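Given the structure is predicted, the values throughout are model-derived calculations rather than measurements.
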Amino acid sequence: MPAVSASPTPFQGLWIPLVTPFHDGAVDHPSLARMTKKLAGQGIAGFVACGSTGEAAALDKAEQLAVLETVLDASQGLPVVMGLSGYHLGQTQEWVQALARYPLAGLLVPAPHYIRPSQDGLLLWFRALADASAAPLVIYDIPYRTGATLATDTLLALAEHPRICAIKDCGGNAAKTQALIADGRLAVLAGEDAQMFTTLALGGHGAVGASAHWQAPRFVALVELLRAGDLSEARRVWQALLPWVEACFAEANPAPLKAVLAHAGWMRNELRAPMTAASAALEQRLQALPGLSPR
């Protein structure tokens, strides 16, 4: 079995795409800071602020910057990647340039949503944003959110850019994932929690896993076991984690995750419309899982 790549890229290991706590409609910065500090001490590689798990689409630009500043202050020196999205190239370039004043490890950038450009248009989009950025780009390949599919050849062409360094792989195409791992120029991070084991076992660099907010040390152990090539023990750890991963995405992310974190006292169980809280039935299912008692 191939071990996890030993590439010196900083984009490896377990990254947490942070939820954004709310309190009576406003961002709950004290809870966000406490959560970030707690997770920073559990062996993870870094954080993603304002990703889809963080409900960034429901935050205005001032709120996004405030969230980023809180995470940077509380990250205990761990690297932080900032999520962004858009479909107006000029405005998105301006936002990328505005983020240059922050000490970011990278920017997590998806294809422009709704437009569904050609592969040439996707090349133009990512290269223009990489040219405008002071930080490396992590391509966020997530066609079920953007409506745009990045072809393997397109991704390999983008890998030639000196500031396009990694991919959060939610593309759902195993052949493409393996081709990118074999090519080796982009650090491949599993972006779907359910694909974490497979991507790492194939030689991927790491994972961006929302479900790892809870019991993060067990997810860290999984990554380390796969890095060491200990498939038998990694399989045992993964099988124990899988019911939680499946339940965490049984309804729209991050509603199930916030229900568990609220039950544990980390934050309120509050989301921004049109997102809604997890159903009562799912909350009962979550609380019945082993290891999900409050702490």
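Listed by chain and number, the residues in a side chain to side chain donor-acceptor pair (under 3.5 Å) with Thr146 amount to none (sequence neighbours excluded). With sequence neighbours left out, the side chain to side chain donor-acceptor pair (under 3.5 Å) criterion links Asp73 to no other residue. Taking the ring-ring contact (aromatic ring centres under 6.0 Å, His included) definition, one finds that Tyr87 meets it with His113, sequence neighbours left out. Residues satisfying the salt bridge (Lys or Arg N to Asp or Glu O under 4.0 Å) criterion with Arg235, sequence neighbours excluded, are absent altogether. Taking Arg185 as the reference, Asp183 meet the salt bridge (Lys or Arg N to Asp or Glu O under 4.0 Å) condition, with sequence neighbours excluded. Annotation: salt bridge (Lys or Arg N to Asp or Glu O under 4.0 Å) contacts of Arg268 (sequence neighbours excluded): Asp24.
Put simply, the side chain of Thr198 does not reach to within 4.5 Å of the side chain of Thr177, judged on heavy atoms. The side-chain heavy atoms of Phe219 and Ile44, taken from C-beta on, include no pair separated by under 4.5 Å. Side-chain contact check for Leu68 versus Leu104: some heavy-atom pair is nearer than 4.5 Å. Side-chain contact between Val19 and Met267: present, with at least one pair of heavy atoms (C-beta onward) separated by less than 4.5 Å. Residues Trp266 and Pro21 are not in side-chain contact: their nearest non-hydrogen atoms beyond the backbone lie 4.5 Å or more apart. Put simply, the side chain of Leu129 reaches to within 4.5 Å of the side chain of Gln93, judged on heavy atoms. Between Leu242 and Phe197, every side-chain heavy-atom pair lies at or beyond the 4.5 Å cut-off. You'll find the side chain of Pro256 reaches within 4.5 Å of the side chain of Leu286, heavy atoms only.
Hydrophobic clustering of Ile, Leu, Val, Met, Phe, Trp and Tyr side chains at less than 4.5 Å, counting indirect connections, keeps Val260 apart from Met275. By the rule that hydrophobic residues join a cluster once side-chain heavy atoms approach within less than 4.5 Å of another member, Leu99 and Val71 end up as members of one cluster. A continuous path of ILVMFWY side-chain contacts below 4.5 Å connects Leu158 to Val188, so both sit in one hydrophobic cluster. Residues Phe22 and Leu32 share a single hydrophobic cluster, defined by chaining ILVMFWY side chains whose heavy atoms lie under 4.5 Å apart. Ile115 and Leu150 fall into different hydrophobic clusters, where Ile, Leu, Val, Met, Phe, Trp and Tyr residues are linked whenever their side-chain heavy atoms come under 4.5 Å apart, directly or through other members.
Of the options Asp169, Leu156, Asp141, a side-chain contact (heavy atoms from CB on, under 4.5 Å) to Leu180 is made by Leu156 and by none of the others. The one candidate from Val67, Leu78, Thr36, Val80 that meets the side-chain contact (heavy atoms from CB on, under 4.5 Å) condition with Leu72 is Val80. Each of Leu200, Asp230, Val220 was evaluated against Leu225; a single residue qualifies, Asp230, per the side-chain contact (heavy atoms from CB on, under 4.5 Å) test.
Between the side chains of Glu55 and Thr20, no donor-acceptor pair of N or O atoms lies under 3.5 Å. A donor and an acceptor atom, one from each side chain of Tyr140 and Ser52, are located under 3.5 Å apart. When only modelled atom types and interatomic distance are considered, Asp131 and His161 share a side-chain donor-acceptor pair under 3.5 Å.
Distance alone, capped at 3.5 Å, places no donor-acceptor pair between the Trp15 side chain and the Val48 backbone. Of the possible donor and acceptor atoms, none in the side chain of Gln76 sits under 3.5 Å from a partner among the backbone N and O of Lys37. The closest donor-acceptor contact from the side chain of Gln42 to the backbone of Gln215 lies at 3.5 Å or more, if one exists at all. Under the 3.5 Å distance criterion, the side-chain polar atoms of Glu283 are left unmatched by any main-chain donor or acceptor of Ala259. With hydrogens and angles disregarded, no donor-acceptor distance shorter than 3.5 Å links the side chain of Gln64 to the backbone of Cys50. When atom types are taken as modelled, the side chain of Asn253 and the backbone of Cys248 share no donor-acceptor pair closer than 3.5 angstrom. In this structure, the side chain of Glu270 engages the main chain of Gly25 through a donor-acceptor pair within 3.5 Å.
Ionic pairing of Glu224 and Arg227 is not present here: no N-O contact between side-chain nitrogen and carboxylate oxygen is shorter than 4.0 angstrom. Salt bridge Glu63/Arg272: present, at least one basic N to carboxylate O contact under 4.0 Å.
Between atom CD of residue Gln119 and atom OG1 of residue Thr152 there is a gap of 9.5 Å, rounded to the nearest 0.5 Å. With values rounded to the nearest 0.5 angstrom, Arg34 atom CZ is found 6.5 Å from Asp28 atom CG. Ile181 contributes atom CD1, which lies 8.5 Å from atom NE2 of His205 (distance to the nearest 0.5 angstrom). Distance check, rounded to the nearest 0.5 Å: CZ of Phe47 to CE of Met35 gives 8.0 Å. Note that CD1 of Ile167 and CZ of Phe11 are 13.0 Å apart. Values are rounded to the nearest 0.5 Å. Distance CG/Leu231 to CZ/Arg236: 13.0 Å, rounded to 0.5 Å.
Heavy atoms only, all atoms of each residue included: Ala148 and Leu122 are closest at CB-CD2, 4.2 Å. Nearest heavy atoms, Pro110 versus Leu84: CD-O, 2.9 Å. In this structure, Leu14 and Gly209 approach most closely via the heavy-atom pair CD1-N, 4.5 Å. Closest approach of Asp193 to Ala212, counting heavy atoms only: OD2-N, 4.5 Å. Of all heavy-atom pairs between Pro117 and Pro112, the closest is CG-CG, 3.9 Å. Ala100 approaches Ala134 most closely through the heavy-atom pair CB-CB, 3.9 Å.
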side-chain contact (heavy atoms from CB on, under 4.5 Å) between His23 and Ser31, worked out = CA-CA 9 Å; His23 188 158; Ser31 292; over 6 Å; no
Could you walk me through whether Asp120 and Leu124 pass the side-chain contact (heavy atoms from CB on, under 4.5 Å) check?
-> CA-CA 6 Å; Asp120 283 345; Leu124 186 156; over 6 Å; no
Given the rule in the side-chain contact (heavy atoms from CB on, under 4.5 Å) test, do Phe249 and Glu192 qualify, once you have shown the distances and angles that lead to the verdict?
-> CA-CA 10 Å; Phe249 293 93; Glu192 295 290 335; 6.0 Å; no
Intermediate values then yes/no, side-chain contact (heavy atoms from CB on, under 4.5 Å), Thr70 and Val27 | CA-CA 11 Å; Thr70 294; Val27 175; over 6 Å; no
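Dense packing is recorded around OH of Tyr144, with more than 12 heavy atoms of other residues, nucleotides or ligands lying under 6.0 Å away.
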